[in-house]
Amino acid sequence: MNPTVLKIIIWCELIIFCIPAMAWPLFAFASLFVFDSPSSENNSNLVGLVWIVLGYPFLYVFSAIKTLKHLSLSNYRKSLVYASLPILAFAIFTLLSWRFFEMKCQGIFFC
């Protein structure tokens, strides 16, 4: 693939995934209230969701540092892999939240 196209893709990923990292303080504060209902602290899916939300900025910073390091070394494929790490976090978050709401609502679309 053309290195210029890879650079554009990498920079777009870094910019797009920076937006949730900037909104992270709001999500971190809201995640405190997830455990308000009784016995919710024993739900492993819910605990996983909270850890993913709380850990996202660290993953993004790690991803951005490694991406920029490999981008400066002209290793575009590795930098693309590191820039795509937040996609993995969003995929895990989506799967866990889908499983949690399916379990909580017993298959009903809204509870």
Query raised in the report: Between the main-chain N or O of Gly55 and the side-chain N or O of Trp24, is there a donor-acceptor pair closer than 3.5 Å?
Result: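 Side chain of Trp24 to backbone of Gly55, a donor-acceptor pair under 3.5 Å: no, none is there.
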Separation between [atom1] of [X] and [atom2] of [Y], rounded to the nearest 0.5 Å:
| X | Y | atom1 | atom2 | value |
| --- | --- | --- | --- | --- |
| Tyr82 | Asn75 | OH | CG | 9.5 Å |
| Ile52 | Thr94 | CD1 | OG1 | 9.0 Å |
| Leu73 | Leu68 | CG | CG | 11.0 Å |
| Lys78 | Lys66 | NZ | NZ | 8.0 Å |
| Leu6 | Ser74 | CG | OG | 11.5 Å |

Is there a chain of hydrophobic side chains (I, L, V, M, F, W, Y, each step under 4.5 Å between heavy atoms) that links [X] to [Y]?
| X | Y | answer |
| --- | --- | --- |
| Val61 | Trp11 | no |
| Val81 | Leu14 | no |
| Leu54 | Phe93 | yes |
| Ile16 | Phe62 | no |
| Phe58 | Leu88 | no |

Report task. Would you name the heavy atoms of Leu59 and Ala89 that are closest together and state the gap between them? Result ->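 That closest heavy-atom pairing would be CD2-CB, 3.5 Å.
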Query - Least distance between heavy atoms, Leu80 atom then Glu13 atom - result: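 Distance-wise, the nearest heavy atoms are O-OE1, 4.0 Å.
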Query raised in the report: CZ of Phe90: more than 12 outside heavy atoms within 6.0 angstrom?
Result: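 Above 12, so yes.
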Query raised in the report: Residues two or more places apart in sequence or in another chain: which of them pass side-chain contact (heavy atoms from CB on, under 4.5 Å) with Pro86?
Result: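 For Pro86 the side-chain contact (heavy atoms from CB on, under 4.5 Å) partners, ignoring immediate neighbours, are Phe17, Tyr56, Tyr60, Ser63.
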Query raised in the report: Any side-chain heavy-atom pair from Thr67 and Leu85 closer than 4.5 angstrom?
Result: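 Heavy-atom side-chain distance check fails, nothing below 4.5 Å.
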Query raised in the report: Can you list the residues that meet the side-chain hydrogen bond (donor to acceptor under 3.5 Å, both in side chains) rule with Ser31, with sequence neighbours excluded?
Result: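 Counting only residues at least two positions away or on another chain, Ser31 forms no side-chain hydrogen bond (donor to acceptor under 3.5 Å, both in side chains).
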